[in-house]
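Worksheet: one structure, shown below.
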Amino acid sequence: VAKEKRLPCALYTQQQNRYSLLRLSLMSELRGAIARGELVLFYQPKLAIKQGKIISVECLVRWQHPVHGMVNPDDFIPLAEKTGNIRYLTLWAIDTALAQCQRWQNEGKLLDVAVNISSVDLQDASIVDYVQHTLEKYQLAPARLALEVTESAVMLDIEKAIAMLTQLHDMGVRLAIDDYGTGYSSMAQLKRLPVDELKIDKSFVMDLSHNRDDTIIVRSTIELGHNMGLKLVAEGVENQDILTLLGQYQCDIAQGYGIGRPMPSDKFEQWWQQYHLS
Ligand code: C2E
Ligand code: CA
Ligand code: CA
Ligand code: CA
């Protein structure tokens with residue numbers, strides 16, 4: 001407990017501009033927040049473009065703070081990574097996502113779940129056992145779970161990342177490279193990773209219908225990824241025009257506000273039913 005308090009303070013004096021007092025107080029509260037049930041997962045639909053079907057959801061954490069209201073992950077994940085508290089959040093997210101997946105499965109809804117894991121988690125081999133244990137706990141096939149990890153997180157220590165991701169992949173868990181295109185990994189490095197999915201970063205997708213450079217980047221990424229046997233996901237699909245283009249470019253999966261926003265589970269279920277009726 002003492003460590004949690006000391007670290008953010010040291011950070012604060014060094015980098016006063018980057019870490020607001022709000023973020024610091026949030027940080028010392030994070031573990032308590034998990035225990036008090038203040039964290040919730042929101043679910044954002046992922047659409048299989050050709051089939052026109054919602055096949056999975058990305059699970060995105062929100063903090064329902066008693067004072068600050070709904071806090072977005074960008075306001076607490078980076079510091080949780082620095083203090084090591086991210087581990088508790090990751091374990092919580094995996095358990096919560098798989099519990100939800102099982103509930104949906106029992107209701108006849110076949111929805112895979114994708115959980116974000118951070119660079120810090122890639123240094124922690126015990127996550128592998130936890131994933132296995134939790135899949136067994138909810139009696140789910142490993143392929144129902146995808147883990148999303150950014151290319152920069154992988155490149156921090158690529159040997160360690162390969163070792164851990166290979167264990168998860170051998171178990172049957174699916175792996176996605178998140179924010180693809182924003183890091184500096186080469187295709188040669190990516191080839192060494194047991195990856196199933198590339199998620200093209202939303203910065204290349206959001207203006208796809210207007211920006212020629214983005215068009216070239218997105219199209220060639222899709223082609224390259226397909227040649228490597230990967231599924232291509234575009235995030236940041238904010239409207240129908242972009243979705244139509246992505247379909248023309250043979251992109252496999254689309255995710256974005258134009259399809260559906262991240263929603264709490266009850267809202268998502270209503271949305272999902274409507275989506276498949278219309
Ligand atoms: P991400 O993994 O790249 O997640 C996608 C982010 O883009 C989400 O923001 C989502 O709400 C947003 N988004 C989705 N569609 C659109 C769109 O069409 N347009 C725009 N402008 N944005 C869109 P969110 O939920 O605020 O999450 C931000 C980041 O926080 C995530 O980026 C991820 O890196 C991190 N994060 C969220 N939940 C977790 C978690 O449980 N664990 C870890 N380690 N990181 C998480
Ligand atoms: Ca993600
Ligand atoms: Ca992303
Ligand atoms: Ca991101």
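Atoms within each ligand, like the ligands themselves, are counted from 1 in listed order.
A side-chain hydrogen bond (donor to acceptor under 3.5 Å, both in side chains) with Q44 is found for exactly one of R261, E58, Q255, namely Q255.
Minimum heavy-atom separation, V195 to L230: O-CD2, 3.1 Å. Across all non-hydrogen atoms, the minimal contact from L41 to A93 is CD1-O, 3.8 Å. D196 and H169 make their closest contact through OD1-NE2, 3.1 Å (heavy atoms, listed as atom of the first residue, atom of the second, distance). Shown here for G236 and V205, the closest heavy-atom pair between the two residues is O-CG1, 3.7 Å. Here the closest heavy-atom approach between residue R87 and residue D121 is recorded as CA-OD1, 4.0 Å.
Using a 4.0 Å cut-off between heavy atoms, R62 contacts ligand 1 through its side chain alone, with no backbone atom that close. For D178, every heavy-atom contact with ligand 1 shorter than 4.0 Å involves the side chain, none the backbone. With a 4.0 Å heavy-atom cut-off, ligand 1 is reached by the side chain of D179 but not by its N, CA, C or O. By the criterion of a heavy-atom distance under 4.0 Å, neither the backbone nor the side chain of D121 is placed next to ligand 1. Of all the heavy atoms of L60, the ones lying under 4.0 Å from any atom of ligand 1 are found in both the backbone and the side chain.
Put simply, D179 stays out of reach of the Ca ion (ligand 2), with no N, O or S atom under 3.0 Å from it. Metal site remark for the Ca ion (ligand 2): T150 contributes no N, O or S atom at a distance under 3.0 Å.
Residue-to-ligand polar distances keep M206 apart from ligand 1: every N/O pair is separated by 3.5 Å or more. For ligand 1, the polar-atom distance check finds an N/O of K202 within less than 3.5 Å of one of the ligand's N/O atoms.
Using a 4.5 Å cut-off between side-chain heavy atoms of Ile, Leu, Val, Met, Phe, Trp and Tyr, with links allowed through other members, I253 and L232 fall into different hydrophobic clusters. A chain of hydrophobic side-chain contacts below 4.5 Å, direct or via other Ile, Leu, Val, Met, Phe, Trp or Tyr residues, connects M171 to L98.
For ligand 1, the atoms sitting less than 4.0 Å from at least one non-hydrogen atom of L89 are 40 (C), 41 (O), 42 (N), numbered in the order shown with element in parentheses. For ligand 1, the atoms lying closer than 4.0 Å to a non-hydrogen atom of I77 are 39 (C), 42 (N), 43 (C), 45 (N), 46 (C). Here is the list of ligand 1 atoms found below 4.0 Å of a heavy atom in E238: 17 (C), 18 (O), 19 (N), 20 (C), 21 (N).
Considering just the N/O/S atoms of E148, the one nearest the Ca ion (ligand 2) carries the name OE1. Sorting the N, O or S atoms of E58 by how far they are from the Ca ion (ligand 2) puts OE2 first. Closest N/O/S atom of D178 to the Ca ion (ligand 2): OD2.
Taking the six-membered ring where the residue is Trp, Y43 and F268 present tilted rings, their angle falling between 30° and 60°.
Between the choices E58, Q255, Q44, E235, the shortest heavy-atom distance to atom 15 (N) of ligand 1 belongs to Q44.
Within 6.0 Å of atom NZ in K50, 12 or fewer heavy atoms from other residues, nucleotides or ligands are found, so the atom counts as exposed in its surroundings.
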